[in-house]
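A quick write-up on the structure given underneath.
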Amino acid sequence: MDLEVKTISIVDIANGALREQIDHEMTNIMENIADLNTPWKPARELTIKLKFTSSEDREKVNVVADVKPKLQQSKPIESQFYMGRRGNEFEAVEVGKTMPGQISIDGEIEATHVLRLPSREAI
């Protein structure tokens with residue numbers, strides 16, 4: 001009876017675990033590129049490091065695979081608001097495309113969202 005010998009690629013080591021990890025990180029990279037909250041231009045990277053060490057008799061080789069993605073961080077979120085003081089509280093209203101209470105072109109009235117924070121005097 002002949003024993004079947006199958007030739008594999010280095011990415012198929014550990015019963016395909018390295019290939020699975022590479023595919024997983026490739027998905028993370030694609031999601032990072034598609035995320036509109038990340039900058040579009042900087043490159044994303046996938047580093048695959050293989051470290052080989054051998055036994056003293058050089059018959060056995062140990063390999064450690066390390067897969068590391070380099071993704072882009074989310075862009076900072078920026079906004080503006082008008083602020084004032086009412087009694088012992090600060091009030092802030094975010095500046096949007098329309099002012100709170102203003103009627104949009106669709107006939108919708110924009111809701112007013114107010115951030116209220118106690119002043120130090122009230123604490």
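As a basis for the values below, the full set of heavy atoms in this structure was taken, side chains included, without hydrogen atoms, waters or symmetry mates. Just so it is clear, the model here is predicted, and its values are computed rather than measured.
Within the structure, salt bridge (Lys or Arg N to Asp or Glu O under 4.0 Å) pairs that include any residue of residues 30-41 do not occur (at least two apart or interchain). For residues 2-28, the pairs satisfying salt bridge (Lys or Arg N to Asp or Glu O under 4.0 Å) are D12-R19, with sequence neighbours left out.
Note on V93 and L115: separate hydrophobic clusters, where clusters join Ile, Leu, Val, Met, Phe, Trp and Tyr whose side-chain heavy atoms are under 4.5 Å apart, directly or indirectly. By the rule that hydrophobic residues join a cluster once side-chain heavy atoms approach within less than 4.5 Å of another member, F90 and Y82 end up as members of separate clusters. One hydrophobic cluster holds both V61 and I48 under the rule that ILVMFWY side chains link at heavy-atom gaps under 4.5 Å.
Rounding to the nearest 0.5 Å places NZ of K60 at 9.5 Å from OG1 of T53. Note that the CD1 atom of I29 and the CZ atom of R44 stand 9.0 Å from one another [nearest 0.5 Å]. Interatomic distance, N88 CG to L117 CG, rounded to the nearest 0.5 Å: 13.0 Å.
Judged by distance alone, the side chain of R86 and the main-chain N or O of E91 form no donor-acceptor pair under 3.5 Å.
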For residues 64-76, please give each side-chain donor-acceptor pair under 3.5 Å, one per line with the distance, not counting sequence neighbours.
from, atom 1, to, atom 2, distance (Å)
Q72, NE2, A43, O, 3.3
K75, NZ, L36, O, 3.4

Going through the distances and angles, do L18 and L50 end up as a side-chain contact (heavy atoms from CB on, under 4.5 Å)?
CA-CA 10 Å; L18 178 55; L50 301 173; 4.1 Å; yes

